[in-house]
Chemist: 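Here it is: the structure, laid out below.
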Amino acid sequence: MEGLDVMASGDTPAVARRTVRLAIRDARVAKGLTQSNVADAMEWSLSKVMRIESGEVTISQNDLRPLLVHLGIRDKARVDELIQAAKASKQRRQWWDQAKFAGMLTPSMKQWFSYEVEATTMLIYCAVSFPGFLQTPDYAHLVLSFFDDELNPEAIAARMETRALRRKALEARGSRPDARVILDESVLLRTQGRPDVLGAQLSLVHDVIKEGWLAVRVASFEQPNPGIGNWEIFYLGAEDVGEGVLYRENSTKDEIVDDQMGLQRHVAQWEKIWHAAYDEERSTEMIEARANELLGIHRSRG
């Protein structure tokens, strides 16, 4: 993709954008200002302030300088750091910025993708399906086609393509993330009418586990289920709560959660499920056995 980057850690503006927006939000809150107060003072629209603070859009250096003054950030070293971060956040367009994806992806998805390619650690819980970056094209089509009453064919095709591009970006990284995935046991059993598709999907997951950067544990039916949907926690630096970002997805609805209480709660839930699940060795054996079973059935029918 000429002019677009699919490279990874350190090559995308996610960390820089997050640094700026959190600094703006924290300074505003510290001064007791609302987003409306800031919008009025800067003669901006309220939506512009909201989108900057949420990370949906970047902020220009020309807008950032007077904003920092208004928020009381005047230390030269700190100002220079944030100006450089704002500059870095605009350094290059990524594949999700292509015109063909306009209107096809949610703002949360675009943020999620930018975090994913920079994540050092990924903690993922899957109650209903495999993580998108691990999905085969056939499996992704089965999952997305279920929502054809909400997603038109173009949106389904676009979201299928993002699966492949996310996988390509992760594979292009010089250093893979430490990815730990919890699969509810039901995910291994739900064929959606296509045993061969699930078999191939499980076989792919087994192969990636063998590459050494993906660890999977299966949460048995005997464990409590914390609810429907998938959620992912990304760490963009040191693995502590302050550096984490949470993405939640349920059906076709999704959101980025950046408050520390919500993040801490999900980290605690994830760790509780992880330690109660089958260990990696047993889980890998279950995945391999189920893949062989389904592919064997398909071959015999063929």
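As a basis for the values below, the full set of heavy atoms in this structure was taken, side chains included, without hydrogen atoms, waters or symmetry mates.
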Chemist: What are the two closest heavy atoms between R167 and V208, and how far apart are they?
Modeler: NH2-CG2, 3.5 Å

Chemist: Using modelled atom types and a 3.5 Å cut-off, is there a donor and acceptor pairing between side-chain atoms of E271 and backbone atoms of A268?
Modeler: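 The answer is no, because no donor-acceptor pair under 3.5 Å joins these two groups.
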
Chemist: Would you find a donor on one side and an acceptor on the other, under 3.5 Å apart, between the side chain of R25 and the backbone of E53?
Modeler: no

Chemist: If you take the centroid of each ring, where Trp contributes its six-membered ring, are Y125 and W274 closer together than 6.0 Å?
Modeler: no

Chemist: Please determine whether residues M160 and F147 belong to a single hydrophobic cluster, defined as Ile, Leu, Val, Met, Phe, Trp and Tyr linked transitively by side-chain heavy-atom distances below 4.5 Å.
Modeler: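 M160 and F147: one cluster.
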
Chemist: Decide if atom CZ of F146 counts as having more than 12 heavy atoms of other residues, nucleotides or ligands within a radius under 6.0 Å.
Modeler: no

Chemist: Please determine whether a side-chain nitrogen of the Lys or Arg among E171 and R176 lies less than 4.0 Å from a carboxylate oxygen of the Asp or Glu.
Modeler: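 Not counted as a salt bridge, because no side-chain N and carboxylate O are separated by less than 4.0 Å.
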
Chemist: Between T284 and E280, is there a donor-acceptor pair closer than 3.5 Å when you use the side chain of the first and the backbone of the second?
Modeler: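 Yes, T284 side chain to E280 backbone: donor-acceptor pair under 3.5 Å.
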
Chemist: Determine whether F234 and I256 make a side-chain contact, defined as any pair of heavy atoms from C-beta on separated by less than 4.5 Å.
Modeler: no

Chemist: Distance-only, no hydrogens or angles: does the D75 side chain make a donor-acceptor pair with backbone N or O of R78 under 3.5 Å?
Modeler: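 It does hold such a pair.
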
Chemist: Taking only Lys NZ, Arg NE, NH1 and NH2, and the carboxylate oxygens of Asp or Glu, determine whether E293 and R290 approach each other closer than 4.0 Å.
Modeler: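 Yes.
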
Chemist: Quick one: pull up CZ in R173 and CD in E116 and give me the separation to the nearest 0.5 Å.
Modeler: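 Rounded to the nearest 0.5 Å, the CZ-CD separation comes out at 9.0 Å.
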
Chemist: Could you give all pairs that pass the side chain to side chain donor-acceptor pair (under 3.5 Å) test and reach residues 102-111, with sequence neighbours left out?
Modeler: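 Every side chain to side chain donor-acceptor pair (under 3.5 Å) pair that includes a residue of residues 102-111, provided the two are not neighbours, is T106-D254.
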
Chemist: Using a strict cut-off of less than 4.0 Å between a Lys/Arg side-chain nitrogen and an Asp/Glu carboxylate oxygen, indicate whether R180 and D178 qualify as a salt bridge.
Modeler: yes

Chemist: Just by distance, with hydrogens left out, do S45 and S47 show a side-chain donor and acceptor under 3.5 Å apart?
Modeler: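 S45 vs S47: donor-acceptor pair found between side chains.
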
Chemist: Side-chain donor-acceptor pair under 3.5 Å between S60 and N62, yes or no?
Modeler: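 No donor-acceptor contact under 3.5 Å links the two side chains.
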
Chemist: Would you check if the side chain of S251 reaches a backbone N or O of K253 as a donor-acceptor pair within less than 3.5 Å?
Modeler: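 Flag not set: sc S251 to bb K253 has no pair under 3.5 Å.
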
Chemist: Answer yes or no: are there more than 12 heavy-atom neighbours, outside E281 itself, under 6.0 Å from its atom CD?
Modeler: no

Chemist: Kindly write out the residues that satisfy side chain to side chain contact (heavy atoms under 4.5 Å, CB included) with M50, not counting sequence neighbours, or none if the list is empty.
Modeler: Q35, L46

Chemist: When rounded to the nearest 0.5 angstrom, what is the spacing between NZ in K272 and CD in Q223?
Modeler: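 K272 NZ to Q223 CD: 10.0 Å, rounded to 0.5 Å.
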
Chemist: Walk me through it: do L165 and F101 pass the test side-chain contact (heavy atoms from CB on, under 4.5 Å)?
Modeler: CA-CA 12 Å; L165 291 171; F101 291 126; 3.9 Å; yes

Chemist: Tell me, with the steps shown, if W231 and I233 meet side-chain contact (heavy atoms from CB on, under 4.5 Å).
Modeler: CA-CA 7 Å; W231 36 273; I233 299 165; 4.2 Å; yes

Chemist: Please say yes or no: joined through hydrophobic side-chain contacts below 4.5 Å, possibly via intermediate residues, are I83 and L22 part of one cluster?
Modeler: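 Different hydrophobic clusters.
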
Chemist: Would you check if there is a donor-acceptor pair between the side chains of D148 and S145 at a distance under 3.5 Å?
Modeler: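 S145 vs D148: no donor-acceptor pair found between side chains.
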
Chemist: Show the nearest heavy-atom pair for residues L246 and G262, with the distance to one decimal.
Modeler: CD2-O, 4.2 Å

Chemist: Short question: side chain of D207, backbone of L204 - any donor-acceptor pair under 3.5 Å?
Modeler: no

Chemist: Do E150 and T252 pair up side chain to side chain, a donor and an acceptor below 3.5 Å, judged on atom types alone?
Modeler: yes

Chemist: Heavy atoms, side chains only, cut-off 4.5 Å: are K100 and W95 in contact?
Modeler: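 K100 does not reach W95 side chain to side chain.
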
Chemist: For W112 and E232, test the side chains for any donor-to-acceptor distance below 3.5 angstrom and give the result as yes or no.
Modeler: yes

Chemist: For the residue pair R217 and A277, what are the closest heavy atoms and their distance?
Modeler: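 For R217 and A277, the tightest heavy-atom pair comes out as CB-CB, 3.9 Å.
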
Chemist: Would you say the ring centroid of Y139 lies under 6.0 angstrom from that of F130?
Modeler: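 That pair passes the under 6.0 Å test.
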
Chemist: Can W213 be reached from V216 by stepping across I, L, V, M, F, W or Y side chains whose heavy atoms are under 4.5 Å apart?
Modeler: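 They do share one cluster, since a chain of ILVMFWY contacts under 4.5 Å joins V216 to W213.
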
Chemist: Tell me the closest heavy-atom pair linking P177 and A119, and the distance in Å.
Modeler: CB-O, 3.5 Å

Chemist: Determine the minimum heavy-atom distance between T58 and I52, stating which atoms define it.
Modeler: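 Here T58 and I52 meet closest at O-CG1, 4.4 Å.
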
Chemist: Has the side chain of Q201 got a donor or acceptor atom that lies under 3.5 Å from a matching backbone atom of L134?
Modeler: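 Yes, Q201 side chain to L134 backbone: donor-acceptor pair under 3.5 Å.
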
Chemist: Would a 4.5 Å heavy-atom cut-off, applied to side chains only, mark V187 and V128 as touching?
Modeler: no

Chemist: Are V57 and W96 linked, directly or through other ILVMFWY residues, by side chains that come within less than 4.5 angstrom of each other?
Modeler: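 No; W96 is not reachable from V57 via cluster members.
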
Chemist: Within this structure, what is the OG-CD distance for the pair S283 and E185, rounded to the nearest 0.5 Å?
Modeler: 9.5 Å

Chemist: Looking only at non-hydrogen atoms, find the nearest pair between F113 and R166 and report the distance.
Modeler: CE2-CD, 3.4 Å

Chemist: Are any side-chain N or O atoms of T120 and backbone N or O atoms of Y235, one a donor and one an acceptor, separated by less than 3.5 Å?
Modeler: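 Yes.
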
Chemist: Is E255 paired with R248 through a side-chain N to carboxylate O contact shorter than 4.0 Å?
Modeler: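 Yes, charged N to carboxylate O under 4.0 Å.
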
Chemist: Got V20 and I59 here, is their nearest side-chain heavy-atom distance under 4.5 Å?
Modeler: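 Sidechains of I59 and V20: in contact.
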
Chemist: State whether the side chain of R159 and the backbone N or O of M104 hold a donor-acceptor pair below 3.5 Å, judged by distance alone.
Modeler: yes

Chemist: Would you check if the side chain of N230 reaches a backbone N or O of S129 as a donor-acceptor pair within less than 3.5 Å?
Modeler: yes

Chemist: For residues 63-74, dump all side-chain donor-acceptor pairs below 3.5 Å to protein atoms at least two apart in sequence or in another chain.
Modeler:
from: D63; atom 1: OD2; to: K48; atom 2: NZ; distance (Å): 2.8
from: R74; atom 1: NH2; to: V69; atom 2: O; distance (Å): 3.2

Chemist: Do K87 and Q84 come close enough that some side-chain heavy atom pair is under 4.5 Å?
Modeler: yes

Chemist: Hey, does Y278 have a side-chain heavy atom less than 4.5 Å from the side chain of M286?
Modeler: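 M286 reaches Y278 side chain to side chain.
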
Chemist: One pair to check against side-chain contact (heavy atoms from CB on, under 4.5 Å): L183 and V181. What are the steps and the verdict?
Modeler: CA-CA 6 Å; L183 295 175; V181 176; 3.9 Å; yes

Chemist: Please check if L144 and L105 belong to a single hydrophobic cluster, counting links between Ile, Leu, Val, Met, Phe, Trp and Tyr side chain heavy atoms closer than 4.5 Å.
Modeler: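 As far as the 4.5 Å side-chain criterion goes, L105 and L144 are not connected within one cluster.
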
Chemist: Determine, step by step, whether Q192 and L198 satisfy the side-chain contact (heavy atoms from CB on, under 4.5 Å) criterion, reporting the C-alpha distance in whole Å, the side-chain angles of both residues, the deciding distance to 0.1 Å, and the verdict.
Modeler: CA-CA 8 Å; Q192 304 180 74; L198 179 58; over 6 Å; no

